[in-house]
Amino acid sequence: MTDTDTTATTNRTPAERYDPAAIEPKWQNRWAELRLYDTDLDDDSRPKFYLLTMYPYPSGALHIGHWYIKTPTDAVARYRRMHGDNVFFPIGFDAFGLPAENAAIKNRINPRDWTMANIETMRRQLRSMGATFAWDAEVVSCEPEYYKWNQWLFIQLLKRGLAYRAVSPVDWCPNDGTLAREQVEGTDRHCWRCGAKVEKRELAQWYFRTTNYADELLDFSGIDWPEPIRIQQTNWIGRSTGAEIVFETAPSAHHAGGEELRVFTTRPDTLYGATFMVLAPEHPLVAELTSPERKADVEAYVTATQAKTEIDRLSTDREKTGVPIGADAINPVNGARIPIFIADYVLATYGTGAIMAVPAHDERDFAFATRHGLPIVRVIAPRDADPNEPLTQAFVNKAVDEAPADDRKHGWLEDIALINKGTDAARELVMVNSGPWDGKPAIEAWGGIVEALAAEGKGQEAVTYRLRDWLISRQRYWGTPIPVIHCPTDGPVPVPEEELPVLLPTEVDYRGSGENPLNRDEAFLNVSCPVCGGPAKRETDTLDTFIDSSWYWYRYLSPNKPDGPIDLDLTEGWTPVEQYTGGAEHAVMHLLYAREFTKMLRDLGMVQQNEPWRRVFNQGQILGMDGERMSKSRGNTQDPDELVSKYGADTVRLFLMFMGPWDQGGPWSPTGIGGVHRFLNRVWALALDPHYREPGDPDAGTLPDGQGEAAARTALRAAAHRTLRDVTADYQAFHFNTMVAKLMELTNTLFRYRGSAVAGGPEWDEAMRLLLQMLAPAAPHITEELWSRRLAARGEAWSSIHTSRWPEVDASAVVESSREVPVQINGKVRDRVTVAADASAAAIEAAVLASPRIQELLAGRTPDRVIQAGGGRLVNLVVRE
RNA sequence: GCCGGAGUGGCGGAAUGGCAGACGCGGCCGACUUAAAAUCGGCUGCCCGCGAGGGCGUGCGGGUUCGAAUCCCGCCUUCGGCACCA
């Protein structure tokens, strides 16, 4: 802290210094006392505006990244209130999750104690932002009052058949149990905690039937979301239309054959070109079909596959490895025997876990065939081409490559349609090496072959998705216990609703391991079966925390409702949420899970809407100075408290908004925060002392050259209203950085007139009022202070600037009488001419041609063309050389 | 690897088919001050030129257009996500 007493000895300014430390707590307390931002959820007299920011994970202390996320959203809340909206802007904590367990194991404390202490710290820090959260509505997801309803909803979904149990593999460490992907380290895949080699283990786990909703999730109608998020979700869902085709295994020395092998393909038209088949190494028939002499190789390959991540397996530039299993399949259309392989580029979780390989028409299959010396048979070719000429690469579709880019995005079927429409790139493609189909147009084969198969019961059209059902089981302590009891007689039985919540035991001993401690908690584990009363075991898996975050904003509306998760009446009045803001890293998973969960809630009758949020804005992520993600463990966090004590909350808020576009994020750097602080000081100085003349400015107190007093008044008013027009648009579009820049510009303009004849006059006064109101949502404390002084000076009773009405643009103030037109010759700016604001095109052209500089450059030539762009905003003279 | 975003002065960024570099930081110069700090004002993309002025310039290479940071094609770099981090 610097000693501010020295100001008394300088004659810099007679006015009082801007001291945020004195102002900010004062107004924060005043707002709290007056309950200025409490939301009356039953007030129907004003438009409702539900503004939601992603509830934070209580990781420890707030860092600057939290401020980056929250303060612009708070500015929006304040901006909407100034428009008379009834704004609901709640906050809570996403309190279950892995970091609490990691901290608990490491420090031998209880995850709940760790979490609750962090929440306490973060609550205090969130208040210091001057944010207008509706704290009464707070939701903390690790409280039984909340997770009880996770359990209740799970049971409803189970009864509806939307939750089910299936076996699937997890990454498993013998010492620490199930591992998250981030807990598996290195190419040798060892455990992050103990270093042991990670294995796969098959576990029975719980799922939600997400895929039921796949088609509906592709439909974004009725919501207004940024296109990149919609595209990412659409690609994540990955709908493909194709066919399921039934192959049969061929008899062999060791095997009778005749098993069905179903494949999914998007290219049934290429069926005659299938020269081998590939199963996922995890395919259930692999063990059975493998011949004795291939067994060792196949098993080794299966084991090797387990050590690979899906990202590795799907990488298109990796060598396409695989091994034959010593069995053949029979192509249903021509009876050809084709060898069966396993290869890791085929995934068990997609389609049927098996493909027919058509190397001539698929790049991955082509690579595999080339590597393993398998035949490549072309079945589609241009009519005039030699069908048996060897291919150097997969013939995916030459016509597609030459088609206009927009058309190329569509699939094969559309491309064929396009070819038949006779586009420039169109070329007639015909079937070859395809028995009865030879010579027929390729466009007929796709549907025709599927139809023929269907007639014989050997295939049908099918749709498959990249999206998989949602695995909701977690082998962890710190989460919502799954309310199920496993009875040896009755199987898995839901816990009766009147016994909810199934409480998480408060005492927990990790014994230094990541293994779920619930597995050895005898008191928790041993229960009687709700059906037969016999001895039974409680489920020890807990729910994925993405479930907590899939409905918390509904709970905010009635956080204490004792007899159900959601208040239907309030929900109907207040949701879908008008605006949701949160990190871009959530563009797919959280934002998709929660959409799906909302649709399930709708099907349970808990809500009457299809989508949870009308608008979504993903802000960028603020990184540490090292360019890495900010985290306590990396030690690259910035403590906002430090900055707040030095500059005040208003400066920090404003600086975060000014840094750059909000959806971009970027590495944190405090460089430049002084400039924002200086800006607030200038606003302060203008408001307190309009007549002060700077001794350091030679022009202080004078009007700009050639500007009379009347013109100065008009110019001041025009600047204020133009700023209001632009700033309003910027708030609306979340362009906070340019919003601040425009307020700085207006401040600079006011500074130019400070101490002059127009300072303190009605136009000045209006400009000051607009400046304070425009700045109020972003810098709430300083504007409230200056507003209160302004009211006092005018002898008016106090009322908060934040309840004042957002001003209206006076369009007549914005219009100008003349404007400057840049003049280009062949696209290079060579001159500017001034014309009347309403000058006609002819008048502009005349003015341009009359310019001495332009005449000189034209040197007697007449322009070949005169282009007036944007209604005469710019003129381009085209002169041929 | 796949999907999505971004690349512009010394730095953060503005401009999304029409004046490249708004606004701010930093730097230089000046005013005020005994002085320093603070504050205020001016200049500040690069190159050539005393100057008037000219040339070059938005990651790289091509293209469309009277006109491209912006649109299209092909690359490069970087950030986010890839299903048990939240």
Side-chain angles (χ1 to χ4, degrees), chain A residues 2 6-7 10-13 54 56-57 59 94 96-99 102 170-171 178-184 227-229 231-232 234-236 238 309-318 349 404-405 467-468 470-471 473-476 544-546 549 583-590 592-593 618 620-621 623 627 629 631 655 658-661 663-667 669 671-676 678-679 681-682 685 693-700 737-738 740-745 748 751 820-824 826-829 832 863-867 869-870 873-878:
Chain A
T2 52
T6 53
T7 48
T10 73
N11 60 353
R12 193 204 123 235
T13 166
M54 288 179 189
Y57 181 80
S59 51
D94 186 12
F96 275 138
L98 210 45
N102 293 338
V170 296
D171 286 323
T178 304
L179 300 180
R181 206 172 66 83
E182 65 163 15
Q183 297 176 321
V184 179
E227 201 184 6
I229 312 182
I231 293 172
Q232 279 181 83
T234 302
N235 292 339
W236 180 270
T309 66
E310 231 167 77
I311 292 174
D312 281 342
R313 289 176 62 172
L314 290 175
S315 170
T316 47
D317 21 68
R318 239 184 80 244
T349 48
L467 181 73
R468 303 200 289 259
W470 178 3
L471 171 64
S473 282
R474 297 292 181 267
Q475 289 79 49
R476 312 215 177 268
D544 182 2
T545 58
F546 273 121
S549 56
E585 68 275 20
H586 296 292
V588 176
M589 301 188 65
H590 163 55
L592 191 62
Y593 284 136
N618 277 163
Q621 212 167 21
L623 308 169
R629 250 181 90 166
S631 73
F655 176 60
F658 184 57
M659 272 174 51
D663 55 1
Q664 228 60 83
S669 161
T671 312
I673 192 168
V676 172
R678 211 159 8 247
F679 160 63
N681 267 302
R682 284 160 72 85
R693 293 186 182 180
E694 280 294 336
D697 178 3
D699 296 328
N737 57 331
T738 51
V740 176
K742 281 158 194 162
L743 293 177
M744 286 173 165
E745 260 178 290
N748 292 343
F751 245 80
E820 216 177 48
V821 178
V823 184
Q824 300 180 330
N826 293 337
K828 283 193 200 310
V829 177
R832 288 152 214 286
D864 297 291
R865 282 177 72 185
V866 178
I867 290 155
R873 264 205 338 279
L874 171 144
V875 176
N876 189 15
L877 306 176
V878 184

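What you see is a predicted model; the values in this text were computed from it and never measured. The chains referred to below are lettered A, B, ... by the order of the sequence lines, with proteins before strands, and numbering in each begins at 1.
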Please report the distance, rounded to the nearest Å, between [atom1] in [X] and [atom2] in [N].
X: A:Gln824; N: B:G18; atom1: CD; atom2: P; answer: 11 Å
X: A:Glu745; N: B:G21; atom1: CD; atom2: P; answer: 13 Å
X: A:Phe679; N: B:A22; atom1: CZ; atom2: P; answer: 18 Å

query: Is the phosphate of B:G18, meaning OP1 or OP2, less than 4.0 Å from a side-chain N or O of A:Lys828?
result: no
Watson-Crick or G-U wobble partner for [N], using a 3.5 Å limit on both distances?
N: B:G24; value: B:C11
N: B:A38; value: none
N: B:U64; value: none
N: B:C46; value: B:G55
N: B:A6; value: B:U77

Would you state whether a donor and an acceptor, one from the side chain of [X] and one from the base of [N], lie under 3.5 Å apart?
X: A:Gln475; N: B:C84; result: yes
X: A:Arg181; N: B:C85; result: no
X: A:Asn235; N: B:C3; result: no

message: Regarding A:Asn748 and A:Arg682, do their side chains bring together a donor and an acceptor under 3.5 Å, going by distance alone?
response: yes
message: Tell me if B:G9 is syn or anti. Syn = glycosidic torsion within 90° of 0, anti otherwise.
response: syn
message: Do A:Asn102 and A:Gln183 make a side-chain contact, defined as non-hydrogen atoms from C-beta onward lying under 4.5 Å apart?
response: yes
